[in-house]
Amino acid sequence: MGRDPSPLGSPEVEVKIHPRRVASTVHPGRGTSPPLSPPPHVTGDSPLPPVNRNHHERERARERDRDFSLFKRWFPWLVPSFVVANITIFIVTMYVNDCPSHSFPSSSCVAPFLGRFSFQPLRENPLFGPSSITLGKMGALEVYKVVQKHQAWRLLSCIWLHGGVVHVLANMLSLVFIGIRLEQEFGFVRIGFLYVISGFGGSLLSALFIQSSISVGASGALFGLLGGMLSELLMNWTIYANKCAALLTLIVIVVINLAVGILPHVDNFAHIGGFVSGFLLGCVFLIRPQFKWVSQQNSPHVHAIQPVKYKHKPYQYVLWVISFILLLAGLITGLVLLLRGVNLNERCSWCHYLSCVPTSKWSCKTEQLYCETTQIGNQLNITCLSNGKSDIFPLLDTGSLKTQQLCSTLCNS
C-alpha cells in the first residue's frame, strides 16, 4: 500500500497495488486505458501516485519469461489414438495367427484357454506373440519382398506390428510417457509427422543393414521422439531455465537405450535410424520463437517490452536449413540404395557391431532354418538340417505355410 499527498482541496487517495496482476499496472501521465483484469481498489478520484515503471516492467518481463503458458497447449488425442491402433492391430494379428490350427501338436501353444488368440510356443517366440510367418503376412519388414516384389509399403507397415505382448506393452508405455508431453507442447500435426517419418527412417536403416530376418515394432518411431526432444532442447536453448540438467538427463536416457540395442535379437539400426531422423525432424518441426517475441505479441501494452526485431534467432534458421537438407538427402539416398539391393554391411566391415556385440555369453549370428521333407503315405517326415531333429506329421492340405511353421517349431525345439 502507498500514500501520496493530494492537491489542495482534494481528498487523499489510497491505492492498493497487486504486483502479480500485470495488466492492471498504471503508468502516470499516459491516461487510463481500460484494463484487461479487474482494477485495484481505489478510493477517491484524485491522480494516482507515481510508480517505479522500470522496476515493474523488468519484473513483468521476468514473470513472462518464466511462464510457459504463453505457448499454446494442445489437447493430446493423436498419441492415445496411436496406442489404441497398435493394440488393435496386435489383437488382429493374434486372431490371424490362430496358433491351435497352425501348430502341431496344438497343445504346445501357450495359454491354450485363449483359443485362437493363444501364443506361439516360447521356444519359437519368447515374447508371447505370433509366429514370424504371421507377422510377414501382416506386413513385417522383409527386405527381399521390398526389393524383389517392390513392397516398399512394408517400411511403414512394420512400425505398427509387434512381436508379442511384452514388446507391445513396453513400446506403448514409452509412447505414452514421451509422446503425450510432446503433443501437448507442439500439437498433433507436427508430432504425427515426427512419429511416422522417424519410424520410416528407422525401418530404412534397418533394411540396409539387416537383410536376413524380419523386423517389426515402433522402436524406431519412439527413438525418433527422443531425438526430437533432444533437438528441441538445443534449438530452443535460450528459453529453458535448467538447460544443462535437462540436456544431461536426456542424453543419459538415449545412451542407455542405445546400449541395450547391442544385445542380440534387438534391432539397434532401427533405433539409430529413428533417432537421427527424429533429431533432424525436431530441428525442422519443433522450433519455437523467442520468448520476448511471444511476450510482445501477447502484451496489452506493447510499449512495456523492448521491441524484438526477429521472431527466431539466427542459429535456429541455420539449423533448420541444414537439418532439412540432411534429412531429405538421407531418406532419398537410403531408399534408392535399398531398392537397388545394396547391403551396407558389405561396404562397412564394422557397422554390424552397432546392433550386436558378440560375447562369450551370446552369439550375434542369425541361424537360418532349413528343413527336408519326405512324404510317406499320408504322413510327412520333416527333418531340420540345422540340428538334425526329425519328426513325422499328418499330411497337410494347407500348402507350404504350415510346413514352414512346423519346420520352425522343429528347429527351435
Side-chain angles (χ1 to χ4, degrees), residues 82 85-98 102 120 124-125 127 129-164 167-168 171 192-224 265-274 276-277 327-347 355 366 368-370 398-405 407-408:
F82 282 167
N86 276 277
I87 295 175
T88 302
I89 292 173
F90 178 73
I91 293 173
V92 172
T93 303
M94 293 305 303
Y95 179 85
V96 173
N97 184 66
D98 192 8
H102 298 114
Q120 292 297 121
E124 183 180 346
N125 187 342
L127 299 177
S131 67
S132 58
I133 296 175
T134 300
L135 291 172
K137 290 169 57 180
M138 295 294 294
L141 178 58
E142 296 178 89
V143 175
Y144 82 94
K145 289 184 179 180
V146 174
V147 176
Q148 298 177 8
K149 298 185 178 181
H150 308 291
Q151 298 178 358
W153 50 268
R154 289 180 178 271
L155 293 167
L156 284 176
S157 62
C158 68
I159 69 176
W160 306 98
L161 297 171
H162 290 84
H167 192 198
V168 72
N171 278 349
F193 275 110
L194 178 63
Y195 183 86
V196 174
I197 299 176
S198 296
F200 176 81
S203 300
L204 187 58
L205 191 66
S206 174
L208 287 170
F209 281 98
I210 303 178
Q211 303 191 349
S212 59
S213 60
I214 68 172
S215 178
V216 294
S219 302
L222 291 172
F223 268 79
H265 309 302
V266 179
D267 188 357
N268 211 28
F269 285 113
H271 296 170
I272 296 171
V276 174
S277 300
L327 177 68
L328 196 61
L331 292 178
I332 293 175
T333 303
L335 192 58
V336 170
L337 291 175
L338 176 62
L339 294 180
R340 288 184 176 180
V342 175
N343 184 352
L344 289 186
N345 282 311
E346 298 174 355
R347 313 286 179 89
S355 183
T366 56
Q368 298 291 333
L369 303 180
Y370 298 102
T398 55
S400 61
L401 177 61
K402 184 73 175 286
T403 305
Q404 291 176 12
Q405 290 178 327
C407 174
S408 175

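Heavy-atom basis, side chains included; hydrogens, waters and symmetry copies ignored. Along the sequence shown, residues are numbered consecutively beginning with 1.
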remark   = Tightest non-hydrogen contact, residues Gly139 and Ser157, listed as O-OG, 2.7 Å

inquiry  = Between His271 and Asn268, is there a side-chain heavy-atom distance shorter than 4.5 Å?
reply    = yes

query = Do Ser203 and Leu156 come close enough that some side-chain heavy atom pair is under 4.5 Å?
reply = no

ask   = In Å, rounded to the nearest 0.5 Å, how long is the span from CD1 of Ile197 to CG of Leu204?
value = 12.5 Å

key: Heavy-atom side-chain proximity of Ser277 to Phe223 below 4.5 angstrom   = no

key: Nearest-0.5 Å distance that lies between atom CG in Leu161 and atom CG in Leu135   = 6.5 Å

query = Does a side-chain heavy-atom distance below 4.5 Å link Val276 with Leu205?
reply = no

remark   = Closest non-hydrogen atoms of Gln120 and Ser131, given as atom of the first, atom of the second and distance, are CG-N, 3.3 Å

key: Atom of Lys145, atom of Gly136 and distance for their closest heavy-atom approach   = NZ-O, 4.3 Å

query = Is a side-chain N or O of Gln211 found less than 3.5 angstrom from the main chain of Val342, in a donor-acceptor match?
reply = yes

message = Return the CG to CD1 distance between Asn86 and Ile159, rounded to the nearest 0.5 Å.
response = 8.0 Å

ask   = Can you tell me how far OG of Ser355 sits from CD1 of Ile272, rounded to the nearest 0.5 angstrom?
value = 7.5 Å

task = Might you work through the side-chain contact (heavy atoms from CB on, under 4.5 Å) test for Glu142 and Cys158, ending with a clear yes or no?
result = CA-CA 9 Å; Glu142 296 178 89; Cys158 68; over 6 Å; no

message = Looking at every non-hydrogen atom in both residues, tell me the closest pair between Val143 and Ala207 and how far apart they are.
response = CG2-O, 3.7 Å

task = Using the six-membered ring wherever Trp is involved, compare the ring planes of Phe209 and Phe269 and label them parallel, tilted or perpendicular (cut-offs 30° and 60°).
result = parallel

ask   = Once you round to the nearest 0.5 Å, how far does CG of Asn343 lie from CG of Leu338?
value = 10.5 Å

remark   = Nearest heavy-atom contact between Ala218 and Tyr195 is CB-OH, 3.4 Å

query = Can you find a pair of side-chain heavy atoms, one from Ile210 and one from Ser215, that are under 4.5 Å apart?
reply = no

note = For Leu339 and Val146, the nearest pair of non-hydrogen atoms, with its separation, is CD2-O, 4.1 Å

Whether Asn97 side chain and Thr93 backbone form a donor-acceptor pair below 3.5 Å = no

inquiry  = For the CD1 atom of Ile89 and the CE atom of Met138, what is their distance to the nearest 0.5 Å?
reply    = 7.0 Å

message = Would the distance check show the side chain of Ser206 and the main-chain N or O of Gly202 forming a donor-acceptor pair, the cut-off being under 3.5 Å?
response = no

